[in-house]
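To start, the structure under review is shown below, and the notes come after it.
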Amino acid sequence: MANFMLFPVVISVSVLFTPVSADKPNIVFILADDLGYNEMNFMNNTRGIMTPNLDALAYQGVIMRNYYVQPICSPTRSALMTGRYTIRLGTQSNVIYWDTPWGIALNETFLPENLKDAGYNTAMFGKWHLGMFKKEYTPIMRGFDEHMGYLQGCESSWTHVSACCGAGSPDTDEKYVCPHGGSGKDFRGYDWFKSGPAPNNHTSPPDTTVVGNKSSYLIRDAAVEYLGRATKESTPFFLYLPFQNIHAPYTTDTKFRGLYEKDPSRFTDGEMTMFGYITEMDDAVGHIMATLNNTAAYNNTVIIFSSDNGAPPATNDVNHKHGENPGYIARNYPFNGYKTLIWEGGTRVAGFISSPLLPTAVRGTISNELFHVTDWLPTIVGLAGGSTAKNLPSDGHDIWEAITTAGPSPRTEMLYNVNPLCASGQAGAPKAGLRMGKYKVLAWCYNISGINGSTTTGPVNGSGMFANGPVLFDLEEDPAESNNIAQSNPQQLQKMLARLEQLALESVIPMQWDPPYQGDDYFCAKCPQHPGSKNPMDPWTSWL
């Protein structure tokens, strides 16, 4: 096992900046899982979280503090891969469940497919969660030349058994397997797959040789090995690294937890594990960047970092009070809400873009411009000199000029969501929201005629502050969304509700976990669910 890197990689630029590279830039996209707005040192350096390698990249790039994703995993990943809002994809209500025969529609063009058309090699190492009931929906069939990782939403990070559960221990889970959650269907199954270097005949079979190897180490080592090959070729590459960190189960390597155990007066037991888990990811990034930085390819590479959603709630020893200043430390501080919700805490996350190709004037700066995860596809394809002509209409914007000139974002509005499943679905209330400039409107739920039995379209009242209808916030004055200004701003409210209705009427039926999955017209409405496993170490493969 390689030594871990507690100090940032020193990144030097050996060529002069040119506004547009003569060569198509390489792209490295790092996606953290369940990482809160307040959980990176470059976002809040008062907490003592050790992320020196990601800090180095962030401080030499542009940190985005007004950057949004979706409130859950599959929705964000589907928006990233397609450049389209989840209302158009069917991921506006749920993640893709273990046994549901559903995936992002095959007529949607994914980002790596665009990049392959532009002459790129493509590789993905990490978490997928965009469908696997048929082989056609797996990474190797959706634009990635090489793939390694897990296809479901969560797993035991050492034994790679697909299940969402608590950890067996904070730092010694090498043999831990998530227990069966009840008396019903057993959704556990071995979930680590690996293709070979291209050409691979479009196969990515189970790889059971890695049991006992942590997912972050496998992603790190695969990326290092891939870069060792890709940087020697003349072909540009796209490397997508969706880490398991810091999704539950919360467990890390002893050496990373030990960094925080040294100061028990500062860190609680929960923080030692959570922060160690974050540092574990940062260390993997350090090794990957050290490999890249030792090649000439680094000078023509763009690195993007994002979380997939806000952090979920945590125990009190992570979300704890810490004196009077800075006060209450929540994982998504200073925002209200958490994962699964479209409050700011569930959707506004840490993000940055870093590259020697950025002009010197913007390196080390912070952008407060409005950006959304759908913006990455048109931006990356634009950098690659590619085309989106075969894609369905995009909701994203090319933000490269805004980033490189510190200029205004081309985005003036952003849809949080429109979820018409008022009494079901994983995405909780409020279920509809839109941002225009500094204003944000939220509705407790939203009926759409023709969906879920509704014959009308419009917001649905709820309880509490939603008892009288939708609420309105000024996010510049009130980022914690505590002061409803709807009554004093009726014209702004009506303007935004009219736009929200326009978007709602463009929605497809949301995917659900049980038949018919996406309405009676869904092509696989009568398809069987996965029957479940008899042994958690049996691979959970495509079943149709």
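Predicted model only: the values in this text are computed from it and were never measured. Values below: every heavy atom of this structure, side chains too, minus hydrogens, waters and symmetry copies.
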Tell me, with the steps shown, if Trp540 and His530 meet ring-ring contact (aromatic ring centres under 6.0 Å, His included). CA-CA 9 Å; Trp540 189 294; His530 193 288; 3.7 Å; yes

Among side-chain atoms of [X] and [Y], is any donor-acceptor pair under 3.5 angstrom?
X	Y	result
Gln60	Ser354	no
Glu233	Asn121	yes
Gln70	His372	yes
Gln529	Asp514	yes

Provide the full list of salt bridge (charged side-chain N to carboxylate O under 4.0 Å, His left out) pairs with a residue in [range], sequence neighbours left out, each pair given once.
range	result
residues 515-524	none
residues 290-306	none
residues 93-110	Arg84-Glu108, Asp99-Lys185

Working note: His147 + Ser204, criterion side chain to side chain donor-acceptor pair (under 3.5 Å); need CA distance, chi angles, decisive distance, verdict. CA-CA 7 Å; His147 162 252; Ser204 189; 2.7 Å; yes

Is it true that, when you exclude Tyr338 itself, more than 12 heavy atoms of the residues, nucleotides or ligands shown sit nearer than 6.0 Å to its OH? no

Within a radius of less than 6.0 Å around NZ of Lys390, do more than 12 heavy atoms belonging to other residues, nucleotides or ligands occur? yes

Taking only residues two or more places apart in sequence or in another chain, which ones pass side chain to side chain donor-acceptor pair (under 3.5 Å) with [X]?
X	result
Gln494	none
Lys194	none
Glu501	none

Evaluate the criterion side chain to side chain donor-acceptor pair (under 3.5 Å) for residue pair Gln244 and Ser215; output intermediate values, then yes/no. CA-CA 7 Å; Gln244 181 172 1; Ser215 63; 2.7 Å; yes

Could you give the distance from CG (Leu239) to OH (Tyr120), rounded to the nearest 0.5 Å? 13.0 Å

One should read off an interatomic distance between Ile353 CD1 and Tyr67 OH, to the nearest 0.5 angstrom, of 10.0 Å

For Lys116 and Gly143 the tightest heavy-atom approach is CD-O, 3.0 Å

Minimum heavy-atom separation for Ala79 and Leu89, please, with both atom names. N-CD1, 4.2 Å

Residues that Arg65 engages under salt bridge (Lys or Arg N to Asp or Glu O under 4.0 Å), provided they are two or more places apart: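 Salt bridge (Lys or Arg N to Asp or Glu O under 4.0 Å) list for Arg65, sorted by chain: empty.
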
All salt bridge (Lys or Arg N to Asp or Glu O under 4.0 Å) counterparts of Arg88, not counting sequence neighbours: Asp395, Glu506

With distance as the sole test, does [X] use its side chain to make a donor-acceptor pair with the main-chain N or O of [Y] at under 3.5 Å?
X	Y	result
Thr457	Ile448	no
Glu146	Met124	no
Ser454	Gly450	no
Gln518	Ile509	yes
Thr91	Ser74	no
Lys431	Leu421	yes
His287	Val224	no
Asn417	Gly433	no
Thr295	Thr231	no
Asn38	Asn332	no

Is the ring pair Phe144/Phe238 parallel, tilted or perpendicular, if the boundaries are 30 and 60 degrees?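 Parallel, since the angle between the ring planes stays under 30°.
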
Could you label the plane-to-plane angle of the Tyr137 and Phe523 rings as parallel, tilted or perpendicular, counting under 30° as parallel and over 60° as perpendicular?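 Rings of Tyr137 and Phe523: parallel, as their planes differ by under 30°.
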
If you apply the rule side chain to side chain donor-acceptor pair (under 3.5 Å), what do you find for Asp375 with Thr379, and how did you get there? CA-CA 6 Å; Asp375 297 331; Thr379 302; over 6 Å; no

Answer whether the closest heavy-atom distance between the side chains of [X] and [Y] falls below 4.5 Å.
X	Y	answer
Leu80	Phe29	yes
Tyr85	Ser394	no
Pro479	Glu344	no
Met43	Ile63	yes

Which residue is it: Pro515, Pro528, Cys527? I am looking for the one with a side-chain contact (heavy atoms from CB on, under 4.5 Å) to Pro101.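 The option that passes is Cys527.
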
Arg435 and side-chain contact (heavy atoms from CB on, under 4.5 Å): which partner among Leu442, Asn66, Thr347, Val441? Asn66

Applying ring-ring contact (aromatic ring centres under 6.0 Å, His included) as the test, list every pair that has at least one member in residues 350-369; sequence neighbours left out.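 Counting only pairs at least two positions apart or across chains, the ring-ring contact (aromatic ring centres under 6.0 Å, His included) contacts touching residues 350-369 are Phe42-Phe352, Phe305-Phe352.
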
For Asn300 and Asp23: C-alpha separation, side-chain torsions, deciding distance, then whether side chain to side chain donor-acceptor pair (under 3.5 Å) applies. CA-CA 8 Å; Asn300 192 40; Asp23 300 315; 4.7 Å; no

Can Glu225 and Arg229 be counted as an ion pair, charged N to O under 4.0 angstrom?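 Answer for the salt bridge query: yes.
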
So does Arg142 pair up with Glu136, basic N to acidic O under 4.0 Å?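 The answer is no: the pair does not qualify as a salt bridge.
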
Would you list the pairs meeting side-chain hydrogen bond (donor to acceptor under 3.5 Å, both in side chains) in which at least one residue belongs to residues 25-35, sequence neighbours left out? Asn26-Thr301, Asp33-Arg77, Asp33-Lys127, Asp34-Asn309, Asp34-Lys339

Start with the C-alpha gap between Phe335 and Tyr37, add the side-chain angles, then the distance that decides, and say whether ring-ring contact (aromatic ring centres under 6.0 Å, His included) holds. CA-CA 8 Å; Phe335 303 127; Tyr37 189 87; 4.7 Å; yes

Considering residues at least two apart in sequence or located in another chain, which fulfil the disulfide bond (SG atoms under 2.5 Å apart) criterion with Cys73?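 Residues passing disulfide bond (SG atoms under 2.5 Å apart) with Cys73: none at all.
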
For Tyr190, check ring pair (Phe, Tyr, Trp, His ring centres under 6.0 Å) against everything at least two apart and list the hits. none

Using the rule side-chain hydrogen bond (donor to acceptor under 3.5 Å, both in side chains), only one of Thr122, Thr388, Asn391 pairs with Asn114; which is it?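 Considering Thr122, Thr388, Asn391, a side-chain hydrogen bond (donor to acceptor under 3.5 Å, both in side chains) with Asn114 is found only for Asn391.
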
Residue from Trp513, Tyr517, Phe133, Trp102 passing ring-ring contact (aromatic ring centres under 6.0 Å, His included) with Tyr97: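 Of all the options given, the one that passes is Trp513.
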
